[in-house]
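Sequence lines set the chain letters: A, B, ... in the order given, protein chains first and strands last, and positions in each chain run from 1.
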Amino acid sequence: MLTRAPKGTRDILPAEIGRWQHVERLFAETCRRFGYAEIRVPTFEHTELFQRGVGDTTDIVQKEMYTFPDKAGRSLSLRPEGTAGVVRSYIENGMASLPAPVKLFYMLTAFRYENVQKGRYREFHQFGVEAFGAAGPEVDAEIIGLLAAFFRSLGLRQTSLRINSIGCPDCRTAYHGILRDYLEPRLEGLCRDCRNRFDRNPLRILDCKEERCRLATAGAPALLDHLDPPCRDHFDRLRDALSSLDIAYTIDKGIVRGLDYYTRTVFEFVSDHVGTQGTICGGGRYDGLVEACGGAPTPGMGFGLGVERLLMHLDAQGVPLPVNPGPDLYLAPAGDGARPAAARLAQGLRERGVSVETDLCGRSLKAQMKYAGKIGARRTVVLGDDELASGRVRIRDMATGAEEEAGLDELAGSDVLAALLVAP
RNA sequence: GUGGAAUUAGCUCAGUUGGUUAGAGCGCCAGAUUGUGGCUCUGGAGGUCACGGGUUCGAUUCCCGUAUUCCACCCCA
């Protein structure tokens, strides 16, 4: 063949589209019940949006973005996540003047130039929500509650919620000092990356997976223990809110998250199954992001959820997902004389809402019956000279083999139509 | 970006210690005489053995490179 799908991309084929549509419907419905409205934003944006919005120092922006000049010389980038574009749209469309909070959800594809593994692709699908204008922990808890409801309705089990607070810029500045004091005598023991991080972003050193860095930071003070009083209060009230929603969680002081914009609350839903791509969903609060992108100071909170990973973990847990059903009716013309009548009848039934298949390959009646069985047709009707002459047909139930007689003229009429539309 | 493994039909896999036309199961198409599917039987289509070089009289098989997939690191969804 000429070429294959590019590395890290995949086709979603008809055989699996039912699973995708199922989770999409369920997510959209859950969001609707929680008061979130769908928004669709561009696949690419000006590169500076992501540099500012995701963070210039992040791996995502530094190493993983699909950035290209367009023919007019603008630097554009395929979105590596959903939040930045939604924030841009919020500002650009004056949503600050809408009744607060502004609650949005999206289902989109994002792009990262990364090495491929299971559950990690270069083009991947993300669901997410963003809530603007609510500063308190109540919205944090509501969003986590939305996810809990979504997972429950899907039948997803064995995931755990981990939460942390990384404070506001003030407590982070203060904490950076405390952390540097602790790390300075241990600087020689750190890896080269982390020695660079020491000045720029010492918080990330705690996230380093290098053995020697983990040893050096094992006894380091945690940011969570050095929050200023307002951040501490926010975190404590989030815990109370989660408890009153009966949502179980564990505190994980190690959650830092790789995007620069987070403040205070950060959280992840992680599958308890083995496997390195265990994070299904991650998010948190980003109280400085709208302002950083040129809007008025506006608190925000949201998450991104990896759809491929969600489906992967549903599979791993054996959660059944629907496949697309076969047609309500297969209409089999017997003999060439019946073909125009069959096509006309199929058209009429389809316009009345029945899903009908009929022969397009000139097959024998026997072959048509085989085909009807293979595509999962619920019923079949044979249409030949006899039926056209008498105006009577037999409706065959493919599961039981039972046949029921009906008038041809009533087949498209309401009674038989109703029977066809009712699931067996 | 760094390591390791794999790649033979649409799918899951055999196989060739280097030698004529490369196999199976499933799937697909057709048939088993009258107008009825699932079971069974018969036949058929479908492969430059991932791609490109090298060694050789001869390479799907051996060697090198590349691509892709999977695994680990890293990162995250």
Side-chain angles (χ1 to χ4, degrees), chain A residues 1-10 13 15 54 58-64 79-83 107-128 147 191 193-194 204 207-211 213 255-259 262 266 268-271 274-283 302-313 326 330-335 337-338 359 361-388 393-403:
Chain A
M1 64 184 292
L2 178 64
T3 183
R4 325 167 34 133
K7 179 171 181 165
T9 67
R10 50 206 314 134
L13 300 172
V54 177
T58 60
D59 282 0
I60 291 173
V61 169
Q62 282 190 341
K63 313 195 292 207
E64 298 174 0
R79 59 185 170 214
E81 50 94 61
T83 301
M107 305 187 280
L108 49 75
T109 53
F111 306 85
R112 292 183 198 173
Y113 192 86
E114 285 195 280
N115 234 336
V116 177
Q117 271 182 55
K118 196 173 213 66
R120 205 174 83 179
Y121 307 103
R122 290 184 170 182
E123 178 186 36
F124 61 99
H125 293 73
Q126 210 173 56
F127 294 165
L147 279 164
C191 71
D193 283 347
C194 283
R204 299 291 296 279
D207 219 18
C208 187
K209 302 296 189 295
E210 290 266 339
E211 178 74 17
C213 298
I255 299 179
V256 175
R257 308 217 54 73
L259 291 74
Y262 286 108
V266 290
E268 291 177 350
F269 276 91
V270 182
S271 168
V274 289
T276 49
Q277 313 303 326
T279 303
I280 296 171
C281 167
F303 67 78
L305 178 150
V307 183
E308 285 84 355
R309 288 188 188 176
L310 176 66
L311 290 170
M312 202 170 87
H313 288 105
Y330 182 88
L331 191 55
D359 181 49
C361 293
R363 277 195 252 253
S364 70
L365 183 61
K366 193 185 181 90
Q368 290 190 63
M369 292 304 291
K370 258 188 197 174
Y371 175 73
K374 276 190 274 207
I375 63 174
R378 291 223 289 270
R379 297 179 174 78
T380 52
V381 163
V382 174
L383 198 64
D385 295 339
D386 295 350
E387 286 79 6
L388 289 171
V393 294
R394 281 171 296 156
I395 303 171
R396 181 185 181 87
D397 184 304
M398 292 297 272
T400 64
E403 294 194 335

Considering every strand and a 4.0 Å limit on heavy-atom distances, what is the contact class for A:Ile280: base, sugar-phosphate, or nothing? sugar-phosphate
Could you tell me whether A:Lys63 contacts a base, only the sugar-phosphate backbone, or nothing, with contacts defined as non-hydrogen atoms closer than 4.0 Å? nothing
Close N or O pairs between protein and nucleotides 65-70 of chain B (under 3.5 Å):
from	atom 1	to	atom 2	distance (Å)
B:rU68	O2'	A:Arg4	NH2	2.9
B:rU69	OP1	A:Gly8	N	3.0

Distance, C1' atom - from B:rC28 to B:rA59, rounded to whole angstrom: 32 Å
Write down the distance separating the C1' atoms in B:rC63 and B:rC71, rounded off to the nearest Å. 26 Å
Identify the two heavy atoms, one from A:Ser271 and one from A:His313, that lie closest to each other, and give their separation to 0.1 Å. OG-CD2, 3.0 Å
Which atom pair, heavy atoms only, marks the closest approach of A:Tyr262 to A:Gly282? OH-O, 4.3 Å
Distance test, side-chain N/O of A:Arg363 to OP1/OP2 of B:rA30, below 4.0 Å: yes
Could a donor-acceptor pair under 3.5 angstrom be found where the side chain of A:Gln368 meets the base of B:rG35? no
List in chain and number order the residues that pass side chain to side chain contact (heavy atoms under 4.5 Å, CB included) with A:Ser364, two or more places apart in sequence or in another chain; answer none if no residue qualifies. A:Lys366, A:Ala367
note: A:Asp359, atom CG; B:rG35, atom C1'; distance rounded to Å ~ 14 Å
Kindly express the pairing pattern of RNA chain B in dot-bracket notation, using | wherever a base pairs with another strand and counting only Watson-Crick or G-U pairs under 3.5 Å. (((((((..((((.....[...)))).(((((.......))))).....(((((..]....))))))))))))....
